[in-house]
Amino acid sequence: MAHPDPLLTLEHLLVVLPVPEDGGTARAALRQVAGLRARGMRVEVLADPRLGLASPGLALPVAHDPARPAAESRAAQRATLAALLARRRWDAALVHCPLPGEGIGAMEALAA
């Protein structure tokens with residue numbers, strides 16, 4: 001029996017890297033990005049400008065700052081991503097969070 005809902009297809013994916021440094025999480029995410037691109041998916045990466053990993057136009061201050069309270073990073077991250085989502089659309093988004101709390105603001109913006 002066929003599923004009553006049509007299959008979801010993804011053609012354009014946003015990968016969010018709210019990480020403060022180019023470490024293991026960023027490397028793993030970029031391996032996934034390369035694999036998806038090799039299969040024909042259009043994938044864009046949103047990352048902090050200091051990392052040099054973002055797709056054109058997506059180098060935005062979304063990195064969690066471990067030296068600041070999580071609530072500050074969360075609110076700034078949510079506002080940055082919400083403003084971006086008001087201008088651009090993707091079929092889906094994947095947020096890579098190496099530590100709990102690093103991508104909460106991004107996930108809140110995506111959920112809204």
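The figures here come from the full heavy-atom set of this structure, side chains too, leaving out hydrogens, waters and symmetry mates. Here, residue 1 is the first one in the sequence, and each next residue gets the next number. The structure displayed is predicted, hence computed values, not measured ones.
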Chemist: L85 versus L110: any side-chain heavy-atom pair under 4.5 Å?
Modeler: yes
Chemist: Whether the side chain of D48 engages the backbone of P20 through a donor-acceptor N/O pair (distance < 3.5 Å, no angle test) should be reported.
Modeler: no
Chemist: How about L10 and M41: do any of their side-chain heavy atoms sit closer than 4.5 Å?
Modeler: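 A side-chain contact exists here, since the closest heavy-atom pair is under 4.5 Å.
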Chemist: Give the intermediate values and the outcome of side chain to side chain contact (heavy atoms under 4.5 Å, CB included) for residues E102 and T25.
Modeler: CA-CA 12 Å; E102 283 191 344; T25 297; over 6 Å; no
Chemist: Give me the atom names and distance for the closest heavy-atom approach of L13 to A92.
Modeler: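 Heavy-atom minimum between the residues: CD1-O, 3.4 Å.
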Chemist: Write down the atom of P18, the atom of G103, and the distance for their closest heavy-atom approach.
Modeler: CG-CA, 3.8 Å
Chemist: Where do L36 and V43 come nearest, in terms of heavy atoms and distance?
Modeler: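 Looking at all heavy atoms of both residues, the closest pair is CB-CG2, 3.8 Å.
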Chemist: Looking at L17, V95, L84, V15, which one forms a side chain to side chain contact (heavy atoms under 4.5 Å, CB included) with L46?
Modeler: L84
Chemist: Looking at P61 and P49, what are the two nearest heavy atoms and their distance?
Modeler: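 Minimum heavy-atom contact is N-CD, 4.0 Å.
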Chemist: If you compare all heavy atoms of R74 against all heavy atoms of I104, which two are closest, and at what distance to 0.1 Å?
Modeler: NE-CG2, 3.2 Å
Chemist: Donor-acceptor pair, R87 side chain versus A83 backbone, under 3.5 Å?
Modeler: yes
Chemist: Rounded to the nearest 0.5 Å, what separation is found between the CE atom of M107 and the CD atom of Q77?
Modeler: 8.0 Å
Chemist: Going by atom types alone, do E44 and H12 pair a side-chain donor with an acceptor below 3.5 Å?
Modeler: yes
Chemist: Nearest 0.5 Å, what's the CG-OG1 distance between D91 and T9?
Modeler: 6.5 Å
Chemist: Roughly how far apart are R88 CZ and L14 CG, rounded to 0.5 Å?
Modeler: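 R88 atom CZ to L14 atom CG measures 8.5 Å (nearest 0.5 Å).
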Chemist: Hey, is CZ on R50 packed in by over 12 heavy atoms from elsewhere, all under 6.0 Å?
Modeler: no
Chemist: Do you know the tightest heavy-atom contact between A47 and L51?
Modeler: CB-CD1, 4.3 Å
